[in-house]
Amino acid sequence: MTAKISLRNVSKQFTVRPGKKSGGTATTLTAIDSLNLDVRDGEFLTLVGPSGSGKTTLLDLLAGLSTPTSGEVLVDGQPVTGPGKDRAVVFQQYALFPWRTASANVSIGLEGKGPDGRKLSRRERAAKASEYLKLVGLACFEDRFPHELSGGMKQRVAIARSLAYEPDVLLMDEPFAALDAQTREQLQEELLRIWRATGKTIVFITHGINEAVYLGQRVAVLSARPGRLKAIVEVEIPDRDGAEDIRSTPAFVEQRHKVWTLLHDEVRLAQDAGHRKILPDGSAPDEPATHQTPERSAA
Amino acid sequence: MSATLTKTARPAGGETAALETAVGEVTSAEKPATAALASVTGAVADAAKGAAFRAGSWLWKATGILAFLALWEFGPLYLAAPSTRVFLPPLHEVLLAWGKLFEAGSIQGHLAASLSRSVAGFGIAVVAGVSLGLLIAWYGRLNSVLNPLLELFRNTAALALLPVFTLLLGIGEESKVTIVAYAAFFPVLLNTIAGVKTVDPLLVRAAKSLGLNSFRLFQKVILPSAVPTIFTGIRMAGTASILVLIAAEMVGAKAGLGYLIVNAQSSFLIPDMYAGILTVSLLGLGVNFLLVALERHFSRWRTAVGA
């Protein structure tokens, strides 16, 4: 089977600006270290790893929001040079534009020229937005502003926005982590339904082992920082599409335990080292060089 | 039972229909009727309290104004010494003077002169402030060069520069429009910069991941998210422009509300002076009301954050 996404020996280091207390020397933080990973076309891959293992960094590389220090990120055999319409990102905090209605949020990706060089009219965009809002179960919510929607509904809009410009790859960064348990379960099911209906390649980051095993065809386990690929678990659960609660089948429990065991040591390692989330500017609060709260520059 | 009743009855506010249905439910219920009845009477009291509260709050608001107007009307007659009474004419005299000035068309003339100056100055300030603010916020280096200078200018009281503008531009319209523009420029500029700088970085990331280029990013994400902050600046600028204009007109002008006030004072037409002051207050209120409405319109999407 062909690889949709390939990571070849990818490393990502951040130069951390020196804090005043550490004496003024810049240090480097290795978030990801020589990582190799292939994602098959149309596959649902979930990615788990302890805090600070570079999951989000990896997703940024795939999205083209940052470039690797060494190694290659290939999509369809072509190196990633920046964000592109073939990939879409769904963020944990929804990242909806609050001044736009649900419909306008969904259609923002359609406002430029399409792949055929044609610009969609306002009506065509609205129609497409309605179509995708319907797909995520939000028909009739076109004119609502984000502040009028619940967390689960916001994330549905965000998913619709990502799907609307028809990317091949959906990159999801802990998209359901901020939702309550019931909404999360519901959205997990819907996501599987959408995945089956659209055949997208999905890379899904999570810190929930249950979620990883439930959603993924394969679960990639990252090591504690610096992030390396520790193992890939093929999730084999018979009768996945059945109506019964697969989370309580022996096969699910077995797979879950497998991932848990793999992850457990890494989580303890990360905890002992006091690893924390890597901030967008590449520093991590637990690293010695960053006693200062790093300045975050907007724009 | 009682809990659900209070729940249904409470949002009814002053409407009796909802209360009647609630009472109907009480009679159909047998045993907990007394408890429920107690809660219904509580709800009635609550509803009455709510209506009374609303009426009361309006009354309270009006009370302040009414008391002030009454003091203005009767204070000079009964409280002030005869020597100060001349300088504090009662309200009806001021209103009569205002009516005369209105009939003669002079108040409209002065108002038009003041309005045209402040609108011109304010317009220049908004256009210059917003565009320069966007530039400064977008190019970080420009910000570090200009910021100390802007701090210096901003902290120089606009009126302190009036003599300079008068020397350079004469006592005509130019100097007044310029000083209004100067005073209104800084709130707009600083709020524009702040608005652009406080854009949620997550939204910028999301926009980038959607493949928006720099220009589109600016147009579709940064600008709209800065609009409410920019409008706060514009509202402050509106207040500042009237404030400074009146003062400028008092110093050297042949028309305008500031001139009317100062001229009436020196001609000992005290009721006319108060008529001018009253017009200035109403103008300020009007401008603020208009700008608040505009601000609200442009930040609709932000309104329900606290709700």
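Given the structure is predicted, the values throughout are model-derived calculations rather than measurements.
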How close do [X] and [Y] get, counting heavy atoms only, and between which atoms?
X: B:Ala206; Y: A:Ala95; result: CB-CB, 3.7 Å
X: A:Leu96; Y: B:Leu203; result: O-CD2, 3.2 Å
X: A:Phe91; Y: B:Arg205; result: CE2-NH2, 3.5 Å
X: B:Leu210; Y: A:Phe97; result: CD1-CE1, 4.0 Å

Next item on the list: Name the region of A:Arg100, side chain, backbone, both or neither, that has any atom closer than 4.5 Å to a heavy atom of chain B.
Entry: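 The answer is the side chain of A:Arg100.
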Item checked: Which portion of B:Val221 sits near chain A, non-hydrogen atoms under 4.5 angstrom ->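 When you check distances to chain A, atoms from both the backbone and side chain of B:Val221 fall under 4.5 Å.
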Next item on the list: Decide if atom CG of B:Leu149 counts as having more than 12 heavy atoms of other residues, nucleotides or ligands within a radius under 6.0 Å.
Entry: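 Counting neighbours around CG of B:Leu149, more than 12 heavy atoms of other residues, nucleotides or ligands fall under 6.0 Å, so yes.
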Item checked: Separation of B:Arg216 CZ from A:Glu111 CD (nearest 0.5 Å) -> 8.5 Å
